[in-house]
Enquirer: 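Once you've had a glance at the structure underneath, I'll fire off some questions.
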Amino acid sequence: MDLNFSKNLLTWYDKNGRELPWRIKNYGGMQNLAPDPYSVWLSEIMLQQTVVATVKDYYAKFTKKWPTVQDLAAADQDEVLTAWAGLGYYARARNLHKCAQYICDEFNGQFPKTETELLTLPGVGPYTAAAISSIAFNQKANVVDGNVERIFSRVDKLEEKLPAAKKQIYEIAQKYLPKKRFGDYAQALMDLGATVCKPKNPRCETCPVSRFCTLSGDENVQFYPKKTPKKPKKQLKAHIFWVENAQKDQVLLQKRAEKGLLGNMMEFPSTNWLDQDLAAQNIGQNLGEVIHIFTHIKLVLKVWKIQQSQLQQVAEAGFAINLQENKKWVNIGKLDEFALPSLMQKIRKLAEG
DNA sequence: AAATCGGGGCT
DNA sequence: AGCCCAGATTT
């Protein structure tokens, strides 16, 4: 394979690579610098299916609160989930904490450098193992994320759709790997995808590897990679309740089940989420509706503010509120101390005004 | 191979 | 109103 591909890309990266909090650019490969594995791992987990702009504040918060993997391992899971709240995909946070403890217990606090060992870590899959191995340890690894898939599907004008084309893309990417600067090369590819080889309106005229690309400058480049159509979202509805105590200084909060949607995160009590129209309800104060879009669900919640003394009436009216054993009264002024996902922050905002 | 799992930013 | 994102895990 033509090594000028990686050479051109790395030259471009040295000039145009983004400055990111978790990144130490190894200019020209001469400084032999690398970010520490904890920083790389933490940032890579946060960046899974999440844009750089969203990650920055969370990365700063985590590294300040837990500067080392030992600090993170020693935290309570609820603390980690509270810090992660709003970032989404909460299995990442649960696995992050589990992984930190695993690194401390089984690897003496040191991240392994091989992809094979990294793949044994909770929350670390093929992409993240390759990314950590190359970026933190400069090991040769084929780092294929959504950016890289887009780039090479365009380079070879692949007609096969994702995700079926993944294997073929991986093999193409493998052929272009450089002989050194593996971490820089991986990050260069991802920067190229983020700033030049974009999904829409790619900037082929500034692309450092345009001469290798079948679709460079083609009007149809934006239609690659081809993808299988998505299924429509299920639409679910429910009532949700902001339940105040008599003094109106506390609200009812409970922890969700460990597994599944928003696992181990906190919630306000609600009826079951059902694919049915909502029954009439005239107890307490209606605050309106909250519409929340998950990856595969469109959820419509009708929000009610009720008093603790009205809970019995709501039950008698036939509304099964999912009150759990772990429910507790929480000072409204201290809600920030709990792991409230964005959906529940919407409810809170509606209730607090 | 398909489904699950968040949220926000961009077009 | 979709599409996309430095994907992993479960089914």
Side-chain angles (χ1 to χ4, degrees), chain A residues 17-18 20-23 35 39-59 81 84-96 98-99 118-136 141-151 161-167 170 173 183 185-195 197-202 222-223 225-234 256-265 291-299 339-346:
Chain A
R18 293 175 293 178
L20 301 175
W22 47 85
R23 173 181 291 179
S39 301
V40 175
W41 164 71
L42 176 62
S43 63
E44 289 299 342
I45 300 298
M46 288 184 166
L47 285 162
Q48 289 168 4
Q49 295 293 286
T50 309
V51 294
V52 166
T54 302
V55 165
K56 281 182 176 172
D57 287 347
Y58 284 89
Y59 179 81
L81 291 178
W84 195 277
L87 196 53
Y89 282 161
Y90 297 100
R92 290 186 296 171
R94 302 193 298 273
N95 282 329
L96 184 85
K98 192 186 305 180
C99 182
L118 288 162
L119 271 174
T120 68
L121 305 177
V124 175
Y127 161 77
T128 306
I132 297 173
S133 183
S134 65
I135 297 172
N142 194 5
V143 182
V144 181
D145 73 330
N147 291 300
V148 179
E149 287 179 347
R150 184 169 57 254
I151 291 168
K161 295 173 181 160
L162 286 173
K166 279 178 180 290
K167 183 175 181 182
Y170 187 89
Y185 175 79
Q187 296 180 89
L189 270 179
M190 293 188 280
D191 276 14
L192 187 76
T195 64
C197 197
K198 298 180 294 183
K200 305 294 181 187
N201 306 315
Q222 63 179 310
F223 300 115
K226 310 245 175 176
K227 299 196 172 183
T228 56
K230 299 179 180 178
K231 293 182 64 177
K233 298 181 195 302
K234 280 187 293 187
R256 292 175 58 82
E258 178 179 7
K259 295 187 176 181
L261 189 66
L262 309 177
N264 271 356
M265 300 295 284
I291 298 175
H292 194 76
I293 310 293
F294 293 109
T295 303
H296 57 296
I297 298 170
K298 176 182 178 181
L299 181 63
L340 292 173
S342 292
L343 164 61
M344 298 302 158
Q345 292 287 5
K346 289 184 184 176

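Everything quoted here is computed from the prediction, not taken from an experiment. Proteins come first, then strands; the chains are lettered A, B, ... in the order of their sequence lines, and each starts at number 1.
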Enquirer: Under 4.0 Å from any heavy atom of chain A: name the first and the last nucleotide of DNA chain C that qualifies, 5' to 3'.
Expert: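 Counting from the 5' end, contacts occupy C/dC4 to C/dT9.
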Enquirer: Check if the side chain of A/T50 and the base of B/dG6 share a donor-acceptor pair of N or O atoms closer than 3.5 Å.
Expert: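 Indeed there is one.
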Enquirer: With rounding to whole Å, what would you report as the distance between B/dT11 and C/dA6 at their P atoms?
Expert: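 Looking at atom P only, B/dT11 and C/dA6 are 14 Å apart.
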Enquirer: Identify whether any heavy atom of A/F294 sits under 4.0 Å from a base atom; if not, whether one sits that close to sugar-phosphate; answer base, sugar-phosphate or nothing.
Expert: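 It contacts sugar-phosphate atoms only.
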Enquirer: Reckon A/V124 touches a base, only the sugar-phosphate, or nothing at all at heavy-atom distances under 4.0 Å?
Expert: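 Touches sugar-phosphate only.
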Enquirer: If you assign A/T228 and A/Q49 each to the DNA chain B nucleotide with the nearest heavy atom, which residue ends up on the more 5' nucleotide?
Expert: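 Whichever sits nearer the 5' end wins; that is A/T228.
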Enquirer: At under 4.0 Å between heavy atoms, what does A/W22 touch on the DNA or RNA strands: base, sugar-phosphate, or nothing?
Expert: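 Base, at least one base heavy atom under 4.0 Å.
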Enquirer: Pick the nucleotide of DNA chain C nearest each of A/V52 and A/L121; which residue has the one closer to the 5' end?
Expert: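 Here A/V52 is the residue nearer the 5' end.
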Enquirer: Think A/H292 has a side-chain N or O under 4.0 angstrom from the OP1 or OP2 of B/dG7?
Expert: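 Answer yes for this pair, as a side-chain N or O of A/H292 is under 4.0 Å from OP1 or OP2.
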Enquirer: Using a 4.0 Å heavy-atom cut-off across all strands, classify A/T128 as base, sugar-phosphate, or nothing.
Expert: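 The residue A/T128 makes sugar-phosphate contact but no base contact.
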Enquirer: Provide the distance between the two C1' atoms, one in C/dC3 and one in B/dG6, to the nearest whole Å.
Expert: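 It comes out at 15 Å once rounded to the nearest Å.
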Enquirer: Taking the side chain as C-beta and beyond, is there a heavy-atom pair between A/T54 and A/L87 under 4.5 Å?
Expert: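 In short, these two side chains touch, coming nearer than 4.5 Å.
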Enquirer: Base, sugar-phosphate or nothing for A/R94? Non-hydrogen atoms, less than 4.0 Å.
Expert: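 Counting heavy atoms under 4.0 Å across all strands, no contact is made by A/R94.
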Enquirer: With a 4.0 Å cutoff (strictly under), does any side-chain N or O of A/Y90 reach OP1 or OP2 of B/dG7?
Expert: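 Answer is yes, contact under 4.0 Å.
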Enquirer: Within this structure, what is the CG-to-C1' distance between A/D57 and B/dG7, rounded to whole angstrom?
Expert: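 It works out to 14 Å between those atoms.
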Enquirer: Taking A/T295's backbone N and O only, do any of them form a donor-acceptor pair with A/K233's side chain (distance below 3.5 Å, no angle check)?
Expert: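 It does hold such a pair.
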Enquirer: Nearest-Å distance, CD1 (A/I293) to C1' (B/dG8)?
Expert: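 Spelled out: CD1 on A/I293 to C1' on B/dG8 is 12 Å.
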Enquirer: Write down the distance between CG (A/L261) and C1' (B/dA3), rounded to a whole number of angstrom.
Expert: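 Between C1' of B/dA3 and CG of A/L261: 13 Å.
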Enquirer: For A/D191, does its backbone N or O pair with a side-chain atom of A/T195 as donor and acceptor, under 3.5 Å?
Expert: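 Here the side-chain-to-backbone pair exists.
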Enquirer: So does A/A85 get a backbone contact from the side chain of A/Y58, meaning a donor-acceptor N/O pair under 3.5 Å?
Expert: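 Indeed, once roles are kept as given, a pair shorter than 3.5 Å links the two residues.
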Enquirer: Categorize A/P163 for me: base, sugar-phosphate, or nothing, with a 4.0 angstrom heavy-atom threshold over every strand shown.
Expert: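 Nothing, no heavy atom under 4.0 Å.
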Enquirer: Under a 3.5 Å distance rule, please check whether A/R94 uses its side chain to pair with a backbone N or O of A/N264 as donor and acceptor.
Expert: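 No; judged by distance alone, with no hydrogens or angles, the pair does not exist.
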Enquirer: Under 3.5 Å, which donor-acceptor pairs link side chains of residues 141-151 of chain A to any protein atom two or more places apart or in another chain?
Expert:
| from | atom 1 | to | atom 2 | distance (Å) |
| --- | --- | --- | --- | --- |
| A/N142 | ND2 | A/Y170 | O | 2.9 |
| A/N142 | ND2 | A/Q174 | OE1 | 3.3 |
| A/D145 | OD1 | A/N147 | N | 3.2 |
| A/D145 | OD1 | A/V148 | N | 3.0 |
| A/D145 | OD2 | A/N147 | ND2 | 2.9 |
| A/N147 | OD1 | A/R150 | NH2 | 2.8 |
| A/E149 | OE2 | A/K166 | NZ | 2.6 |
| A/R150 | NE | A/C197 | O | 2.7 |
| A/R150 | NH2 | A/G193 | O | 2.9 |
| A/R150 | NH2 | A/C197 | O | 3.4 |

Enquirer: How many whole angstroms separate atom OH of A/Y89 from atom P of B/dA3?
Expert: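 Roughly 14 Å, once rounded to whole Å.
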Enquirer: Checking only heavy atoms, does the side chain of A/S342 share a donor-acceptor pair with the base of B/dG6 at less than 3.5 Å?
Expert: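 Side chain to base: no pair present.
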Enquirer: Is it the case that over 12 heavy atoms from other parts of the model lie below 6.0 angstrom from the NZ atom of A/K198?
Expert: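 Correct, the count exceeds 12.
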Enquirer: Rounded to whole angstroms, how far apart are NZ on A/K346 and C1' on B/dG7?
Expert: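 Distance, rounded to whole Å: 9 Å.
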Enquirer: Can you find a pair of side-chain heavy atoms, one from A/Q187 and one from A/L20, that are under 4.5 Å apart?
Expert: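 A/Q187 vs A/L20: side chains apart.
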Enquirer: Could you give the CZ-to-P distance, from A/R92 to B/dT4, as a whole number of Å?
Expert: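 It works out to 19 Å between those atoms.
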Enquirer: Using a 3.5 Å distance criterion without hydrogens, assess whether the side chain of A/T50 forms a donor-acceptor pair with backbone atoms of A/Q48.
Expert: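 Yes: the side chain of A/T50 pairs with the backbone of A/Q48.
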Enquirer: Would you check if A/F294 and A/L299 make a side-chain contact, meaning some heavy-atom pair closer than 4.5 Å?
Expert: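 Yes, at least one pair of side-chain atoms sits under 4.5 Å.
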Enquirer: Please measure how far the C1' atom in C/dC5 lies from the corresponding atom in B/dC5, and state the result in whole Å.
Expert: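 Nearest-Å result for C/dC5 against B/dC5 at atom C1': 14 Å.
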Enquirer: Nucleotides 9-11 of chain B: which of its N/O atoms have a protein N/O under 3.5 Å away?
Expert:
none

Enquirer: Hey, does A/I132 reach any base, or is it just sugar-phosphate, or nothing, if we go heavy atoms under 4.0 Å?
Expert: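 Answer is nothing: A/I132 stays at 4.0 Å or more from every strand.
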Enquirer: On DNA chain B, does the nearest nucleotide to A/P341 precede the nearest nucleotide to A/K231 from the 5' side, or the other way round? Give the residue.
Expert: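 So the residue in question is A/K231.
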Enquirer: Distance check needed: B/dC5 C1' versus A/L343 CG, whole Å only.
Expert: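 It works out to 14 Å between those atoms.
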Enquirer: Does B/dA3 have its OP1 or OP2 closer than 4.0 Å to a side-chain nitrogen or oxygen of A/H296?
Expert: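 So the side chain of A/H296 is outside the cut-off, no N or O lying under 4.0 Å from OP1 or OP2 of B/dA3.
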Enquirer: Between A/W84 and A/M46, is there a side-chain heavy-atom distance shorter than 4.5 Å?
Expert: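 They are in contact (side-chain heavy atoms under 4.5 Å apart), so the answer is yes.
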Enquirer: What does A/G193 touch in the nucleic acid at a heavy-atom separation under 4.0 angstrom: a base, only the sugar-phosphate, or nothing?
Expert: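 The residue A/G193 makes no contact with any strand.
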Enquirer: Would you kindly give the CD1-to-P distance between A/I297 and B/dG6, to the nearest whole Å?
Expert: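 My rounded result for the distance is 9 Å.
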